[in-house]
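This report refers to the structure that appears directly beneath it.
Starting from 1, each residue takes its place in the sequence as its number.
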Amino acid sequence: MASRYKDKETGTVLLSFGGQWVSWTHTAVAYAAFLSALIVGVSLHFHKIVQNEWYGYPEEWFPSVSATIGDRYPERSIFMLFIAITSGPRFALVGLWYLLTARPGRTLPKAVAIAGVIRTLTCGGWTYITSTDDHDWHDILMISYLVFTIPWTAGCLALSPPNAKAIKYRKYLAGAFFGTLLPLVYFFIQHKVHRVPGAYTTYAFFEWSLILFDVAFDAVTALDFSTFELVIRDVNGANKGSNKSSVPAAVLEKEKESATLGVFSAGFRLGNALDIAADAYHGFVFWSVLTSLGVVVWYFPLWHMGISGYEAFVMSTISPALLGVKSIRSFVINNQRVFHLLSLTGLLAYLVVNPAIRLFTVSFGVSMGCLAWAATWFSDSVHPARLEARILAWMVGLVMSSVAKFAWYTNNPIWPIMHGDNGGWNATGLVLAFFAALRFTRWAPLQAENAVEKKSGSAVLSAFGISGLFFALHSLLSDTSTMILWVWDGYPIRGPVSNVHAWFTIAAMTSGLVIGTFRPGLVATWTAFGVGSIGAAVLTLYQQWFGYYGALALATYLMAISVPLITNASKKNPAIVFGLGFFIYNFLVLFHVWVVAYAFVPGGPLVREHTDWIMITTMFFIGAGVFDLISEQASAGKANICRRLGASGHRKYHVGILGLLNILFLGANYLRFPTNDYKPYHAEDRLFTAGIWTIHFSLDNDMWSSEYRMRDLIKELEIDVVGLLESDLQRVIMGNRDTTQFLAEDLGMYVDYGPGPNKHTWGAALLSKFPILNSTHHLLPSPVGELAPAIHATLDVYGTLVDIFVFHSGQEEDEEDRRLQSEYLANLMGSSPRPSVLLSYLVTKPHTGNYNTYVSKTSGMQDVDPSDWDRWCEYILYKGLRRTGYARVSRSTITDTELQVAKFVVPRPGDDSARVWAASPKQRDKKASESDVPPGWRFPALFNGEGVRGHFYHVFNESRYYKY
């Protein structure tokens with residue numbers, strides 16, 4: 001078809017084929033690829049493609065996209081043929097969109113075009129590499145495709161030419177696409193985790209809807225490309241930005257701004273984006289160093305078994321009190337770069353081998369960081385936009401820290417307890433931190449010698465508010481699993497799970513920060529404070545999903561109130577606000593440890609088990625800050641206090657970083673999603689290996705995080721069921737960690753965390769290769785000493801129900817506590833008619849005292865080896881099982897306690913089970929040599945003799961075997 005325009009009259013030739021037909025061709029061929037595969041698949045292999053790992057027809061009656069286009073001939077070949085044809089129009093569509101939207105000096109069209117090209121390539125990747133071909137690469141390419149769909153969609157909305165119909169369709173289709181993701185994930189969880197019949201069929205419908213919406217979104221370009229002829233010309237001037245629509249340009253621009261939250265409305269500059277990213281990373285470094293302080297302090301009382309004196313280093317945060325001296329204040333403000341760089345010594349600490357010197361190094365980094373941030377906030381308080389940017393960098397850094405901890409299974413990769421051998425990225429983090437600190441301090445100070453302090457309001461009330469806010473952020477939001485574990489109460493699962501639902505915490509934090517930034521007047525009210533307080537109460541008092549809803553409300557409020565609260569505090573005397581604020585914060589941290597460590601600290605019994613008091617005190621202090629903030633609003637005028645600062649331009653970059661962090665979190669979430677298809681090591685022998693280990697809060701003798709070393713030993717010993725004691729790390733002083741997440745996911749095991757951090761124990765956890773059908777948590781009688789936690793779980797072991805008890809007894813000094821606990825546990829074990837195993841820490845000698853309560857007719861339990869006289873802490877008891885082996889494995893330098901393991905064969909129902917239950921002690925305890933037992937019953941030879949890495953069979957210098 002010849003053009004009816006002449007080149008000289010109508011402008012520049014862009015391309016030589018019709019624009020709108022590119023869109024229509026792309027749409028038709030893309031739909032043909034998927035729909036033809038669906039039709040052929042249903043016609044030829046219906047029952048096979050609706051079958052999944054749990055159910056088939058008739059429970060599942062519609063195939064998923066992946067099943068349809070996956071491995072079967074001929075539908076896979078037909079699909080790939082059409083997808084190959086689609087690639088040409090697809091690349092042309094991306095190119096035409098760039099030519100249509102490009103403007104001189106604008107970066108966004110280029111960025112969107114690059115995202116479109118990468119998105120196209122990754123689409124080809126996941127469609128041609130199926131999960132059967134290479135599961136990891138299929139997942140990586142699929143996640144990448146979804147990630148790049150976000151900037152492509154947002155960019156197309158932001159760059160839409162003035163075409164009202166196209167903008168409307170894009171908004172609807174983009175909303176439909178992203179709105180479909182939530183039910184898609186929900187029904188996938190119902191299928192994968194809860195194994196609900198028919199859930200995968202519902203999931204499949206949402207998955208197909210994503211395909212339809214995705215292709216339809218790109219089809220809208222046909223409405224914009226109609227401005228191009230056969231020989232592509234700009235006949236309407238669309239690429240010059242002229243408005244041919246009947247709708248005024250201002251209205252259309254506002255509609256686009258609304259659709260994209262104004263993120264692109266003020267223009268995009270790569271340099272500015274990198275600067276804001278550096279600021280956020282510097283905030284991440286502060287939170288990384290601050291959260292590491294508690295862990296390195298905790299090492300010392302842990303090994304001293306009481307107060308060591310090193311606890312005084314928690315006070316290193318009160319360094320802002322030095323700003324009360326004007327000469328020091330002036331020096332610090334004028335040399336902010338120096339002090340921010342000095343704070344990086346907290347990252348250098350991983351190079352220090354000596355634990356005490358490492359603690360000194362970290363505490364110095366913390367003190368410099370607190371001093372530098374307080375000085376920066378105070379200096380920038382005269383410039384509202386810059387101050388807000390600083391506060392957002394600090395808050396986004398908290399979100400980044402939580403995201404990093406989730407990706408590293410609750411450890412932070414740049415903590416001083418990390419290094420290359422246990423997953424640390426310390427050197428990389430340090431290099432990035434150095435350049436980020438340089439960029440963060442790129443601005444000259446705004447006030448120093450003649451600093452202006454705000455005279456209105458109360459600095460003391462602001463200090464109270466800062467103390468409560470900082471403690472709440474640190475203790476509840478520095479790890480996404482903390483509040484989830486507060487509401488955890490065992491199996492069957494009736495609440496959130498850390499590696500499935502943790503993103504909800506990040507979403508609440510993100511939402512709260514955005515609200516606090518864009519609508520500070522909405523959160524600086526008593527109504528908002530009331531909502532946050534109700535959330536705190538619900539989190540403290542309730543379990544399961546209802547308790548977590550309170551957690552999400554509290555998380556949203558804490559992040560939202562942070563911006564106005566810190567803004568108000570920054571304008572007052574920094575020595576009082578931040579010096580006193582951090583001082584009170586430190587007492588809240590100690591209070592928060594005292595409630596569980598009451599047996600080891602002076603005055604501890606006064607606050608025993610009073611997490612509720614901590615929450616009340618925290619909200620009271622935040623309320624004091626809110627009172628000061630609201631009082632100032634009343635005197636200065638709310639419009640003045642809470643005025644919008646959108647013109648500053650930094651907000652869009654912070655929102656963008658928050659969006660990117662959420663995407664990265666969801667990517668990590670996808671990779672960590674549980675498979676729930678775990679296999680025991682010796683199923684052919686109906687055998688399982690059980691172990692008990694006191695892991696000393698996952699810090700080894702040299703102050704390194706010990707998860708990797710524990711993982712290696714548990715895996716090499718082929719342990720199927722293991723009880724972990726001293727495993728509750730969800731406190732500030734322990735880094736808000738959860739070792740069980742890494743061990744369970746890496747080893748392929750189900751996990752029960754045990755009583756949560758608000759139950760005031762040192763922790764008891766259970767990991768199992770076998771499904772946990774039911775579990776209950778118990779706090780045993782402890783009238784004087786520390787609380788004694790226990791788990792009673794029922795496992796499905798080769799089709800037989802087996803009860804597992806995990807228990808940590810009270811201290812040696814508390815005899816009455818231990819007597820009462822032994823009676824409670826004996827009755828609990830005796831109440832089970834099923835085969836059972838106790839994995840425990842009993843604090844008793846064999847055959848004396850409370851031992852005879854645990855091993856008694858009341859409990860029905862037998863000792864794993866009555867002849868082993870050299871025991872005091874760890875014991876394994878059992879009943880109704882054929883015990884075939886027992887070993888004690890040295891700890892090396894991982895912890896202060898050995899790992900005890902035993903092997904059991906589950907008898908078959910009927911006569912075999914009856915013989916096992918009726919066996920006499922003489923029959924049960926008859927020893928055998930290793931050569932007399934089947935190979936599947938034997939312990940690994942790896943640990944014979946000197947063993948490996950300091951682990952070997954000790955006490956007996958061999959493993960023991962039994963056969964009857």
Pick out which of Asn426, Leu432, Val285, Val431 makes a side chain to side chain contact (heavy atoms under 4.5 Å, CB included) with Leu347.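 Only one of Asn426, Leu432, Val285, Val431 forms a side chain to side chain contact (heavy atoms under 4.5 Å, CB included) with Leu347, namely Val285.
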Reported CG-to-CD1 distance for the pair Leu671 and Ile143, which is rounded to 0.5 angstrom: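 Spacing of CG (Leu671) from CD1 (Ile143) equals 4.5 Å.
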So, Phe206 versus Tyr203, ring centres under 6.0 angstrom or not?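 No.
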Would you please indicate if the ring centroids of Phe673 and Phe188 are separated by under 6.0 Å?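 They qualify: ring centres under 6.0 Å apart.
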For residues [X] and [Y], report the shortest heavy-atom separation together with the two atoms involved.
| X | Y | answer |
| --- | --- | --- |
| Leu93 | Asp218 | CD1-O, 3.8 Å |
| Val22 | Pro89 | CG1-O, 3.5 Å |
| Ala404 | Phe284 | CB-CE1, 4.0 Å |
| Ser562 | Met395 | OG-CE, 3.3 Å |

Main-chain N/O of [Y] paired with [X] side-chain donor or acceptor, under 3.5 Å:
| X | Y | answer |
| --- | --- | --- |
| Arg103 | Thr101 | yes |
| Ser401 | Gly397 | no |
| Arg442 | Arg439 | yes |

Using ring-ring contact (aromatic ring centres under 6.0 Å, His included), reason through Phe665 and Phe406 one step at a time and then give a plain yes or no. CA-CA 8 Å; Phe665 190 97; Phe406 180 84; 4.2 Å; yes
Lys NZ or Arg CZ of Arg90 over Trp97 ring: under 6.0 Å, within 45°: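 Because its charged atom misses either the 6.0 Å distance or the 45° angle limit, Arg90 does not stack over Trp97.
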May I ask you to check if Arg337 and Phe440 form a cation-pi contact, with NZ or CZ under 6.0 angstrom from the six-membered ring centre and within 45° of the axis?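 Not flagged: Arg337 not positioned over aromatic ring of Phe440.
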Any side-chain heavy-atom pair of Gln336 and Trp443 under 4.5 Å: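 The answer is no; the side chains never approach within 4.5 Å.
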If only side-chain N and O atoms count, and only distance matters, is there a donor-acceptor pair under 3.5 Å linking Thr149 with Arg119?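 The criterion, which ignores hydrogens and geometry beyond distance, is satisfied for Thr149 and Arg119.
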